[in-house]
Amino acid sequence: MAATVRRQRPRRLLCWALVAILLADLLALSDTLAVMSVDLGSESMKVAIVKPGVPMEIVLNKESRRKTPVTVTLKENERFLGDSAAGMAIKNPKATLRYFQHLLGKQADNPHVALYRKRFPEHELNIDPQRQTVRFQISPQLQFSPEEVLGMVLNYSRSLAEDFAEQPIKDAVITVPAFFNQAERRAVLQAARMAGLKVLQLINDNTATALSYGVFRRKDINSTAQNVMFYDMGSGSTVCTIVTYQTVKTKEAGMQPQLQIRGVGFDRTLGGLEMELRLREHLAKLFNEQRKGQKAKDVRENPRAMAKLLREANRLKTVLSANADHMAQIEGLMDDVDFKAKVTRGEFEELCADLFERVPGPVQQALQSAEMSLDEIEQVILVGGATRVPKVQEVLLKAVGKEELGKNINADEAAAMGAVYQAAALSKAFKVKPFVVRDAVIYPILVEFTREVEEEPGVRSLKHNKRVLFSRMGPYPQRKVITFNRYSHDFNFHINYGDLGFLGPEDLRVFGSQNLTTVKLKGVGESFKKYPDYESKGIKAHFNLDESGVLSLDRVESVFETLVEDNPEEESTLTKLGNTISSLFGGGSSSDAKENGTDSVQEEEESPTEGSKDEPGEQGEPKEETEAPVEDTSQPPPAEPKGDAAPEGEKPEEKESGDRSGAQKPDEKGQAGPEGAPPAPEEEKKQKPARKQKMVEEIGVELAVLDLPDLPEDELARSVQKLEDLTLRDLEKQEREKAANSLEAFIFETQDKLYQPEYQEVSTEEQREEISGKLSAASNWLEDEGFGATTVMLKEKLAELRKLCQGLFFRVEERKKWPERLSALDNLLNHSSIFLKGARLIPEMDQIFTEVEMTTLEKVINDTWAWKNATLAEQAKLPATEKPVLLSKDIEAKMMALDREVQYLLNKAKFTKPRPRPKDKNGTRTEPPVNASAGDQGEKVIPPAGQTEEAKPILEPNKEETATETADSEPLEIGGPGAESEQEEQTAGQKRPLKNDEL
C-alpha cells in the first residue's frame, strides 16, 4: 500500500504543475485581449488593432482620419500631438518637432544631424555630454531627446488605439526602416519603453508590407517560387525589396506559405520630403523676386513664413501629380503680403531632376544583394506616398523594364496591416493562420579576437582572428554559439560589423561607428581551477539576433566534461517528474516554436564536427556553432535516455567520442546493441557503461558598448517620469476644458429654456428672474476670470447653478412623465382585477390559490386604486409652481408592489401540478360537483398530448367484466364514450364555455 501511495505522488505533483501552468497562461491572456501595430513613418503614422470581433482594423484618430501626423508641439504649460500639433506648426514652428526619427541613434557629428539643422534651422539642438547625441532645446527648462519625443508619439498612438478598442492595450509591433542599424533599433525600443509599451517585435516596414501582400493572396502561393519586388518611396527614404513567396513544409503545421527576403536596397534621403523642400525653396525664391524692389526681408529668415511655404509645397506636390500646372497661393505669407504664383509639373521635375536620377539606385542594390536579375522578377509593386509622383513611376518603369507597375496594394496602410497580423500571431490571445517569415540581415556582424600563437619554437606572436557571426542577407531570428578553445585565463573579444563595402562613402559616414561592443570575460581562470580533473571543452559564447534584429550576448559559459558511471536507479522522484513534464511539453524539441512569424530556431545545438576533435595545427581556433531555421522534412533525432545529465546541445559530440569504446553497448532493457550482439550475462548487465558528465560554469561578462551607449537606468527612469508627468498634465487640462465647456453649455441651455412655455408654466416671474440673474453673473465670471479658474472652481460653479435650477427642472420632468406612468398604472390595475376575478371562479377541487393569497392581492389592488384617486385629487388642488405630490417614482413603486403580487400567483400556477381526479370502480370519472353548470357537464374532453381529438379513451378494467356490467345494469358512464358522444350532440352548434383552469 505504501508503494502505491509513493507511485501516486508524482502524478499528483504533475497535476498540480499542469494546473499552475494553465492558470499562468490564463492570467497572461487576461491582459492581452487586444494588440496593436504602429507603422511609424517619417511624416505620418498608421495605427491598427486586433481584438476579439475586430480583425485587423485601422484606427481612426480624434479627427476621424486613418493616418496621424508624427508631430509634437511642446510649450511651457501645454503639449499638442498629431493633427493639433500639425496645426501649431505655423503658429509656433520652433516648438513643433517633425521628422525627428532621422536623429535616432546618431551622435552629434553625424551628417544627418547637420542635414536636419539645414532643413529646419528654427530648431535649437544641443549636445548630450554623456552620450554625445543631440537634444531639442525648446527653452532653458524644456529639453527633450529624440527618444523622449518618439515616446510621446508612441504613447499617443496607444491612447488612440485604446479609445478605438475600448480596452487597455500594451502589446505592440512597431515598424522600422529596414536600414536601421543596432543603435537605431535600440533607440526605438527605449522610446517604446518610455511609453509603457511591450514591444512584441520591431518589424522592418518592407517585411510588414510583404507579409500583408502575402496574407491576402495566400491562395496564389504554391510550391513554385514567386519573386516580387516592392519599391517603397516614403516621405523620408526609399527602400527596394525582393521577396520570394512559396509554400514550405513545416514540422508543426505541414505545408504553409513562406516569404523570404532575398535582397534589399535603400536610399536614406530620397523621398517626398526632399521634393517638398525643393519646392519650398523655389516658392521662397519667387516670393523674394516679387518683393525685390521693396527692400523687404528675405522670407527664408522668417520661420513662420517658411512653415507656410512648406505646407503649400506639400499640397502643390500632391496636386501636380494629377495636373500639369497649379497656382500656389498663400494669404498673408509675410508682413500681410499675399503670395500667388503658377508652378508647372515641368518646373517641379526640373527642380528634382537629380532626385529622379537616384530612383533606380535601390533597385540595383536589391538585385545585387539577392544575386538575381530583372528577368527573375515577376512583378514590381509600388508602396509609399511618394511613388504617386508621375516622374518617379516613369523612371522606375524604365529601370525595371516591365510593361507596367503593380498598384494592387494599399500604398499607405499595407505595412500597418502586415504588422498587426504579426502582432496577432505573436500574441497568446489569438490564433491566426501560419505564415512563415524569414527576414534578412542587412549588415553582417562578426567577432574579432587576438590570441598568442607559436609559429616557431620559442617565438610567440599575436594573431588577429575574425569569425563571421551573422552573414549579410542571412535569415534571422537566429542563435549562434562560438567556442574559444585555447583560453584558460580571462580575455577580451570584440563584436563589430562585417564588410560594409556595399555602402557608399556618404552612407558609411551616416552609418556611424562600425564597432559594436567589447566583451571582457572574468572568471575563466577560476573555472579551470574549480574543475582541474575535467577535460575543457572551451569557452562558449551564446549570441542571439532576436525577432527585432537586435543583437545580444545571452551568456558565456566554460564547459567541462568527464566520464562517470551511470546509475539510473538513484534517479529521484523529482527528476522523474521533471522528465515527465519535459516530455509532455516537448522540452528541447521544436514544438514550442511559433507557428507564425519566424521560423523555429534551435537554440544551442553544436556541430558534431566541432568540439570533439581538434586538428593538431588548429588547437584553440574558435568554433562557430549555428543552427539555421528549421524548414526541412527530416525526422527528429531519437530521444536520449532520461538519466543522461548531458544537455541536448552536447549530444553530437558524445556520439563521436563514444564510438571508440561504447558503440556496441546494450541499452537499459538488455536488448541487442547496434551491431546485433546477443544479450550479455546477468553479471555483465549489472555493470553500466560510463557516460560523459558535462559541467557548465557561468563566466562573468562586462560589456562596453562602442556604437552608441544606451540610456542609463536612472536616466531612463527620469525620462519615463517626465513623460508620465506630461501625460498627467494633459489629462488635467482635458478635464478642465471639459468642466469649462459643461458650465458654458449649461448657462446657454438654461437661458434658452426660461423662455419655453413648459418651463414658464411651472415657474413664477420672480423665480425666472432670479435664475436668469444668476446665469448672467456666471457667464460674465466665465468670460472675465474663467481662464484662470481651476477645474474645482468650474465644477463648483456648475453645481451651484444646477442646485438653483433643480426645482424648476424637477417640476418639468415630472409633468412629462405623468401621462406615461399613469397609463401604465391603469393597465396594470385592470389586468390585475381581471386576473383576481378569474382566480376566484376556479372550482374548489381545482383551486391552487389560497384565500389568504387572493385576499392579499385584492387588498393591494384596492389600496393602489385608493392611493391613485387620492393623490390625483390632491395634485389637482396644488398650483403648477409648487412641488408636486404626484411623483413618478411613487407611481413606479406602486406598480412594482402590485406586479410582485401578481407575478407570485402566476409563478405558483405555472409550477403547481394538477390534482389527480378520483375514479369509481368502473374507471369512469366521478359525478361533477353540484354547482357545476350545464355547460361544464357538456364540455368536450380534451385528449392527452400525442393523442388525436377523434381517438377514444382507453378503459383500464377487464373488458369482459365491464361488458357484463353494462349489459345487466346499464349504468350511466359520464366519462365513457357513449356519454361523450351524447354530450357532443347536445352541445353541437353551441359556443364552448371557457374553462376555469384555462385562465
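This one's a predicted model, so the numbers in the text were calculated from it and none came from an experiment. These values consider heavy atoms only, across backbone and side chains, with no hydrogens, waters or symmetry-generated copies.
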When rounded to the nearest 0.5 angstrom, what is the spacing between NZ in Lys797 and NZ in Lys774? 8.5 Å
Look at atom NZ of Lys868 and say whether more than 12 heavy atoms of other residues, nucleotides or ligands are closer to it than 6.0 Å. yes
Can you name the nearest heavy-atom pair linking Ala839 to Gln847, along with the distance? O-NE2, 3.1 Å
Is it the case that over 12 heavy atoms from other parts of the model lie below 6.0 angstrom from the CD atom of Glu758? yes
Going from CZ on Arg768 to OG1 on Thr750, what distance comes out if it is rounded to the nearest 0.5 angstrom? 14.5 Å
Is any side-chain N of the basic residue among Glu147 and Arg193 closer than 4.0 Å to the acidic one's carboxylate O? no
Judged by atom type as modelled, is there a donor-acceptor pair below 3.5 Å linking the side chain of Glu761 to the main-chain atoms of Ala880? no
Is there a donor-acceptor contact under 3.5 Å from the side chain of Lys51 to the main chain of Ala165? yes
Is atom NZ of Lys753 surrounded by more than 12 heavy atoms (other residues, nucleotides or ligands) closer than 6.0 Å? yes
Does any pair with a residue in residues 79-99 pass ring-ring contact (aromatic ring centres under 6.0 Å, His included), and if so which ones, sequence neighbours excluded? Tyr99-Phe120
When you look at CD of Glu331, are more than 12 heavy atoms from neighbouring residues, nucleotides or ligands closer to it than 6.0 Å? no
Out of curiosity, Leu898 CG to Leu828 CG, how far, rounded to the nearest 0.5 Å? 4.0 Å
Met896 atom CE, neighbour heavy-atom count above 12 within 6.0 Å: no
Side-chain donor-acceptor pairs under 3.5 Å in residues 801-813, sequence neighbours left out?
from	atom 1	to	atom 2	distance (Å)
Arg811	NE	Val762	O	2.8
Arg811	NH2	Val762	O	3.0
Arg811	NH2	Gln767	OE1	3.4

Report yes if some heavy atom in the side chain of Phe339 is under 4.5 Å from a heavy atom in the side chain of Lys308; otherwise report no. no
So, does Arg304 use its side chain to make a donor-acceptor pair with the main chain of Lys91 at under 3.5 Å? yes
Verify whether one side chain among Asn741 and Glu737 offers a donor that lies under 3.5 Å from an acceptor in the other. no
Between Asn155 and Thr727, is there a side-chain donor-acceptor contact under 3.5 Å, judged purely by atom types and distance? yes
